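All of these numbers come straight from a predicted model, not from anything done at the bench. Sequential numbering from 1 along the given sequence is applied to the chain's residues. Ligands are counted one by one from 1 in listed order, and the atoms in each one are counted from 1 as well.
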Amino acid sequence: MVLPCIHLANLRSLPNKMDELLLLSQTNKDFSNSAALCFTESWLNDAIPDNALNLPGFQLLRADRVTESAGKSRGGGTCFYINERWCTDVTALKKMCCPSLEAFFINCKPFYSPWEFSSFILSRDDFMWFGRKIYSHIFTALETLYTDLAEICLRESRSEEEDEEEEENAVCEDNPIFVLVLRDFSRLQDFLKTSGDLMPKTLEGQITMEKTPSYFVTREAPARIYSMSRSTKLIVVVRDPVTRAISDYTQTLSKKPGIPTFESLTFKNRTTGLIDTSWSAIQIGIYAKHLNNWLQFFPMQQILFVSGERLISDPAGELGRVQDFLGLKRIITDKHFYFNKTKGFPCLKKAEGSSKPHCLGKTKGRTHPNIKPEVVQRLRDFYRPFNMKFYQMTGRIFGWDD
Ligand SMILES: Nc1ncnc2c1ncn2[C@@H]1O[C@H](COP(=O)(O)OS(=O)(=O)O)[C@@H](OP(=O)(O)O)[C@H]1O
């Protein structure tokens with residue numbers, strides 16, 4: 001199958017790349033003969049007219065970020081330039097823009113396609129984890145709709161280091177562009193019309209849940225979730241920030257055994273005892289600061305903090321609070337748990353849909369490295385004022401400073 005040549009690039013602002021693109025379209029044959037150019041991070045807005053973005057021989061289709069829908073004003077946006085020698089029958093099928101997803105579907109019916117397929121759907125997304133779920137849902141549905149669908153995924157080419165970096169930072173995955181090759185796009189058009197509501201419908205008696213620990217410390221998350229649904233209830237499990245930092249380090253160490261010691265990462269200056277608050281293992285434990293971001297959008301009554309320590313020593317009690325907070329009948333009680341001394345954690349007597357007990361997986365309860373008592377003490381002193389503030393804000397004394 002001969003495929004159209006498509007250029008994909010993350011531009012980080014189209015307007016200031018126009019001169020370069022014009023030059024490329026005049027001097028680079030691969031570029032000017034491309035069937036389509038797909039640019040992510042176009043950073044366009046209403047104030048930038050199409051005629052300022054003209055590339056001779058190409059038709060522009062753009063989906064700019066909509067501040068009110070996306071919950072953030074900067075960045076984002078996708079655009080396609082379709083080569084008029086390849087195709088002039090181009091339609092924008094659907095633009096989706098919400099806090100967790102930005103997607104743009106266009107349909108191209110080229111003059112000539114050397115096989116029986118007639119449409120190329122180019123789509124591009126930019127989203128948080130939940131958007132990714134919605135997007136994969138759309139694609140699964142499309143595969144059911146079209147048994148003869150050809151799906152091609154293009155990604156920006158990246159260096160090995162960038163790949164490694166991404167692995168470390170799961171929220172920062174790259175955004176591919178999908179090309180769907182179809183025989184008949186009318187069914188897709190109908191499908192996209194009805195898939196406008198991005199959140200799965202929550203029926204009477206159901207609660208839709210989403211779990212991403214990093215949201216609590218992600219600056220943009222409160223605004224995005226608020227603009228999706230302001231009545232969302234938020235649950236955060238917190239534990240002693242010092243133990244949390246060591247646990248965080250232990251987890252990284254298990255994946256990358258060569259990293260520096262905990263001590264050397266903790267301090268900016270070992271002599272003065274200055275803590276490196278930019279290290280994420282330290283930064284995440286400043287709960288009061290993160291909570292403050294959420295309180296700009298959600299009232300305290302909509303946020304529940306679960307104690308990680310109590311979740312081990314009294315799971316039923318802690319889950320009782322969760323059930324009350326969600327307005328559920330207290331179904332989970334003491335009789336559902338037993339304590340596994342070897343693991344050091346409570347286990348469920350019967351897992352859901354099974355008659356067998358269920359304990360937490362191997363990665364929970366890793367042995368922490370021994371950290372010098374004076375380092376632990378320095379961290380305790382560092383966190384104490386933030387912990388006090390956090391107790392005050394939440395109205396609960398978590399007991400980390402006893
Ligand atoms: N149910 C429950 N109750 C109390 N504490 C729990 C629970 N589940 C996980 N944990 C603790 O969370 C630490 C690991 O968290 P994560 O699951 O986020 O990370 S991991 O990716 O699996 O390592 C891990 O910390 P460590 O003890 O340092 O390994 C767990 O102790």
Mutual orientation of the aromatic rings belonging to Tyr391 and Trp400 [parallel < 30°, tilted 30-60°, perpendicular > 60°] | tilted
Give me the ring orientation class for Phe31 and Phe58: parallel if the planes are under 30° apart, tilted from 30 to 60°, perpendicular past 60°.
->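 Ring orientation of Phe31 relative to Phe58: tilted.
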Do we get Lys364 above Phe345's six-membered ring, with its NZ or CZ under 6.0 Å from the centre and within 45° of the axis?
-> no
Decide whether a cation-pi geometry holds between Arg396 and Phe398; the criteria are a distance under 6.0 Å from NZ or CZ to the six-membered ring centre and an angle within 45° of the ring axis.
-> yes
Of the backbone atoms (N, CA, C, O) and the side-chain heavy atoms from C-beta on, which set of Arg366 has a member under 4.0 Å from an atom of ligand 1: side chain, backbone, both, or neither?
-> both
Evaluate the 4.0 Å heavy atom contact test for atom 27 (O) of ligand 1: does a protein atom fall under the cut-off?
-> yes
Considering only heavy atoms of [X], which atoms of ligand 1 have at least one such atom less than 4.0 Å away?
X	answer
Leu360	1 (N), 2 (C), 7 (C), 8 (N)
Gly308	4 (C)
Ser247	25 (O), 26 (P), 28 (O)

Among protein heavy atoms, which lies nearest atom 6 (C) of ligand 1, and at what distance?
-> Phe345 CE2, 4.0 Å
Which residue and non-hydrogen atom of the protein lie closest to atom 22 (O) of ligand 1, and at what distance in Å?
-> Lys364 NZ, 2.8 Å
Do you know which of Ile303, Ile225, Thr208 makes side-chain contact (heavy atoms from CB on, under 4.5 Å) with Thr232?
-> Ile225
Would you call Arg239 a ligand 1 contact, heavy-atom distance under 4.0 Å?
-> yes
Measuring from the heavy atoms of Ile312, does anything fall under 4.0 Å of ligand 1?
-> yes
Using distance alone, decide if ligand 1 has a nitrogen or oxygen within less than 3.5 Å of any nitrogen or oxygen in Gly365.
-> yes
